[in-house]
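The analysis underlying the following values was restricted to heavy atoms, covering all of them including side chains, and did not include hydrogens, waters or symmetry mates.
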Amino acid sequence: MANSIEQPCYTLINVTSESESYNELQLKMDLEKGDIKVKIEALKKVIHMILAGERIPGVLMTIIRFVLPLQDHTVKKLLLIFWEIVPKTTSDGKLLHEMILVCDAYRKDLQHPNEFVRGSTLRFLCKLKEPELLEPIMPAIRACLEHRHSYVRRNAVLAIFTIFKNFEFLIPDAPELVANFLDIEQDMSCKRNAFLMLLHADQERALAYLASCLDQVSSFGDILQLVIVELIYKVCHANPSERSRFIRCIYNLLNSTSAAVRYEAAGTLVTLSSAPTAIKAAASSYIDLIIKESDNNVKLIVLDRLIALKEHPTHERVLQDLVMDILRVLASPDIEVRRKTLSLALELVSSRNIEEMVLVLKKEVAKTHNLVEHEDTGKYRQLLVRTLHTCCIKFPDVAATVIPVLLEFLSDTNELAASDVLVFVREAIQKFDNLRPLIVERLLDAFASIKSVKVHRAALWILGEYAVTADDIQTVMSQIRQTLGEIPLVEDELKKASGEKTEEDANSSSVGTVQKLVTSDGTYATQSAFSASVNIKKTEARPPLRQYLMDGDFFMGASLGTTLVKLALRYISLVSDCVRQNRFCAEAMLIITSVLHLGKSGLPSKPITNDDADRLFLCLHVLSDRSPEIISIFSQQCRNALSIMLSAKAEEEASINKAKEKPGNEVQADHPISFLQLSSQRGDQATENVFELSLSQALAGSRRDGNSKEVGMSGATKLNKVTQLTGFSDPVYAEAYVHVNQYDIVLDVLIVNQTGSTLQNCTLELATLGDLKLVERPQPVVLAPKDFCNIKANVKVASTENGIIFGNIVYDVSGAASDRYVVVLNDIHIDIMDYIVPASCTDTEFRQMWAEFEWENKVSVYTNLTDLHEYLNHLLKSTNMKCLTPVKALSGQCGFMAANMYARSIFGEDALANLSIEKPYNKPDAPVTGHIRIRAKSQGMALSLGDKINMAQKRPQKSCGQ
């Protein structure tokens, strides 16, 4: 039979690396002749040595003779740990004779007048696995049920429960004994332990007790209420006819004072009943928990339960009525909680409550203006803007009330929120014809107060495209003149630089810049800060558009030129008076030439680029020639391009939403009908016990989205994760199954003794490289000839890096000349793909992260693949990254491809990649060439992802294409 070393861990003891080495003789001397402190230190050392796998059988009798009789509480506590870990049997499995003396010491401690000694001894007895040691002390354990102190009584119940579970023959009447104890017990912790035992040992007695006190459950303590919830779930799951009897009790527990009880009761209620009233009560309880709980982790967990509720179609209709309650969660300061709340509310909102939701979001927007600025405030504003944007697109009726609120963000110092507002305005003005005059009017009002060059540039494009009346066009022109300042720009800047000013400026500047000071000898002196104050004043007073140009941002100048051309061409088509037409065109051309002149004058911090200069020359050329083809491009095709882009974006979002939708259950005409009253169990959804399911998920990792394909392939994927550690000809054969469960790695190592000798102290010694940490050292085992065993080792993961686990197997052979034998193990490489998941972000966020991340890894493309799209798909499959570049942008064959990719690790680390590949268009069999640039915040992430790409490129073509 295989040896199993999976022993539960009860006590964690830290072993210091600087501890002194002891020999057995010194330990015996300290234990025998030392004082209490020396004996305590020696006993601690013995415990450390036994945990490290050393065998010191000679110390056992010394401890029994000289340490066991001591009455010191610290000694007694250490002795309980010692008896827990010390080997109690001989090599042939028989109990050591010395343990009879220990058993007598247990009995005396169970009758000790001190309740701590009694209680801790009872807790220790729960860990004993030798019935020969327990049998003589059963009467003493029973007697502890009647002790005056609750600490002793509750531990006595736990001891009886454990002994009954492991060795029922020692106390066959345990359920009856504990049931009688439960009837007369008053202490809540004792009642909880007794009820827990009946729940697992004799459910009929537990149900009988619960039925007798069903009306009093609300007054019980929370620890007992939690066990009652578990019992009700198990009973109703096994026997659905009992639901009507106990569901009222669950409803009452939703009002418990304990948050844990309310959470468990709500979860149980949802699994037991799908009635709208039950779902509403459970959801309301969840929302109340989120609002009142201060821990953000708890808020996120309960929010996930609400989101899971929404996945059920019938539950979603109930939750739609609770949208306003869900929005109360926005009072939480955590950005992640707010993000999930807004996402959930957005999916549940309907035409019935959209107006109320918009009112709440408006109030939240107003609150952000009054808050002290910090990083999360800006992100929250951006979140609110995007949510209102989506509300308006889904429900156009509210757009008229939302747009004025959002346009206030244009003057915000947070560029992200203001940019999102412009994205929304651009889409709204294209889709809602009736709102165009309102949007243009509000945009003109806010134009002068905009503080960001990107926002100004986008606002100019919108005004140039959608100012369609002559009055609006004139207003836009006057706003441009106002935000540019005096024209021509160069002459005005030179005047200001030389100190020439108007009389008003001179008067205003002279007042306040002359100061009277007292010198050291007591006389008055006048100091003038004329020139300095002029420069500072003029720098501050510069209009925004001019300031951008003086800072060298002439892309704004090019955008301004395009806007002026659109306005001029549209004005010409609207106004028939030639004089007014020429005046407007001349003004537009003057502004464009002023920008050109300024760019080449040397006054700005950076000169104009050739691209921007060519664009401005083109604008002048269009205004002078006015050919029909160019007019069509400026007046119609720009707007058509926006329409095409928005429709493509809508299609992409629709395809993403469709992929998220769950496929409907197809019911054939000849399928059998399931009647609940005629069935012992519920149908598809409740046949799994959620307690067992949650336990198995905690031990073995969560399942993948319920995908049947994943479940069907589980056997194959497990085999892929088996790593051979030694050769078949080695004396000890070993292989490991590597199971990755988020932040933990569990190594299940199979060790086979291929020799004809008994291997003693066979130890698996492991070490790690990278951000991996071995949690505990595996315990040594004894392997009989041709025997095998499984050893589990846990490794903690701290970040996304390529980790390596290496080590060896060390063992002794009885009667052999050599001290120890060593078998070196093959290295186990931990794949970072287990921690990386595809993610998505906007182009703006991608560019921002690309600029912020300092670690870059450039990988050259070296492959035998000849198709650009095939290489991209292979790369995405190999790295778990998502392609952010739209499919339409990648379609077609031009011999070149550029794509952006993005992924995120479970530790919250972002990974960006830019793919630039090409192949000669006239050589169809030529391989793909190019490079991939990877950027990440940490060096390990960038290097590990680069290594993964290099490994993926070396695979043969057939496997790549598959």
Side-chain angles (χ1 to χ4, degrees), residues 335-336 339 373-383 385-386 409-410 412-423 426 450-461 544 547-559 604-609 611-612 799-801 836-860 875 879 881-886 889 897-905 907-917 930-946 949:
I335 189 69
E336 195 60 37
R339 182 179 284 112
E373 281 291 333
H374 59 87
E375 186 183 359
D376 282 351
T377 307
K379 289 181 181 177
Y380 184 42
R381 278 187 204 154
Q382 189 181 10
L383 211 55
V385 168
R386 289 183 179 179
F409 275 104
L410 291 179
D412 199 278
T413 52
N414 180 18
E415 188 181 294
L416 295 174
S419 300
D420 280 348
V421 170
L422 258 298
V423 170
R426 185 183 65 187
I450 295 173
K451 297 180 176 64
S452 166
V453 61
K454 290 182 181 177
V455 179
H456 247 133
R457 198 164 59 230
L460 268 178
W461 189 93
Q547 184 63 51
Y548 302 145
L549 297 174
M550 291 301 292
D551 291 339
D553 191 345
F554 281 94
F555 186 38
M556 166 58 83
S559 302
S605 56
K606 287 184 283 186
I608 189 169
T609 62
D611 287 342
D612 295 332
S799 68
T800 315
E801 281 189 35
I836 290 180
V837 291
S840 59
C841 65
T842 63
D843 288 345
T844 309
E845 291 168 344
F846 185 91
R847 290 193 193 98
Q848 188 177 359
M849 286 189 286
W850 188 269
E852 288 175 359
F853 292 172
E854 55 186 6
W855 291 103
E856 179 172 317
N857 186 9
K858 189 173 181 180
V859 179
S860 298
L875 192 65
T879 57
M881 299 190 90
K882 181 180 179 181
C883 183
L884 299 180
T885 309
M897 178 185 286
N900 290 334
M901 298 175 289
Y902 177 58
R904 178 175 286 173
S905 75
F907 305 101
E909 300 169 305
D910 298 300
L912 314 175
N914 173 258
L915 172 73
S916 296
I917 51 176
H931 62 265
I932 304 153
R933 292 169 65 195
I934 303 161
R935 284 205 181 179
K937 211 166 192 175
S938 63
Q939 182 184 18
M941 183 79 159
L943 292 175
S944 301
L945 203 54
I949 292 173

Quiz item: Hey, does T842 have a side-chain heavy atom less than 4.5 Å from the side chain of V423?
Solution: no
Quiz item: Are the side chains of L549 and P604 in touch, meaning some heavy atoms are under 4.5 Å apart?
Solution: no
Self-check item: M881 versus P838, closest heavy-atom pair with distance
Solution: C-CB, 4.3 Å
Quiz item: Between V859 and G946, what is the shortest heavy-atom contact and its length?
Solution: CG2-CA, 3.9 Å
Quiz item: Taking all non-hydrogen atoms of both residues, which atom of Y902 and which atom of A839 are closest, and how far apart?
Solution: CD2-O, 3.3 Å
Quiz item: Once you round to the nearest 0.5 Å, how far does CZ of R904 lie from SG of C841?
Solution: 8.0 Å
Quiz item: Is any side-chain heavy atom of L945 closer than 4.5 Å to a side-chain heavy atom of I836?
Solution: yes
Quiz prompt | Between CZ on residue F555 and NZ on residue K454, distance to nearest 0.5 Å | solution = 11.0 Å
Quiz item: Ignoring hydrogens and geometry, is there a side-chain-to-backbone donor-acceptor pair from S605 to D551 under 3.5 Å?
Solution: yes
Practice problem: Check whether any side-chain heavy atom of L383 sits under 4.5 Å from a side-chain heavy atom of I335, and report yes or no. | Solution: yes
Exercise. May I ask you to check whether over 12 heavy atoms, not counting those of F853, lie within 6.0 Å of atom CZ?
Key: yes
Quiz item: Rounded to the nearest 0.5 Å, what separation is found between the CD1 atom of I949 and the OG atom of S860?
Solution: 11.5 Å
Exercise. With rounding to the nearest 0.5 Å, note down the distance linking NZ in K858 to CZ in R933.
Key: 7.0 Å
Quiz item: Does the pair E845/R386 count as a salt bridge with the N-to-O cut at 4.0 Å?
Solution: yes
Practice problem: Might you point out which heavy atoms bring Q939 and W855 nearest each other, and give the distance in Å? | Solution: N-CD1, 3.5 Å
Quiz prompt | Donor-acceptor under 3.5 Å (N857 side chain, A942 main chain) | solution = yes
Quiz prompt | Atom CH2 of W850 with >12 non-hydrogen neighbours under 6.0 angstrom | solution = yes
Quiz item: Rounded to the nearest 0.5 Å, how far does CE of M849 lie from CD of E852?
Solution: 8.5 Å
Quiz item: Would a 4.5 Å heavy-atom cut-off, applied to side chains only, mark L912 and N900 as touching?
Solution: no
Quiz item: Are T609 and F554 side-chain neighbours, meaning at least one heavy-atom pair lies under 4.5 Å?
Solution: no
Quiz prompt | Nearest-0.5 Å distance that lies between atom CZ in R935 and atom CG in N914 | solution = 9.5 Å
Quiz item: Mind checking whether M556 and L460 have side chains closer than 4.5 Å, heavy atoms only?
Solution: yes
Exercise. Considering non-hydrogen atoms only, spot the tightest contact between D553 and R457 and give its length.
Key: OD2-NH1, 4.3 Å
Quiz item: Of all heavy-atom pairs between L915 and M901, which one has the smallest distance, and what is that distance?
Solution: CB-CE, 4.0 Å
Quiz item: Tell me, do L875 and I932 make a side-chain contact under 4.5 Å, heavy atoms counted?
Solution: yes
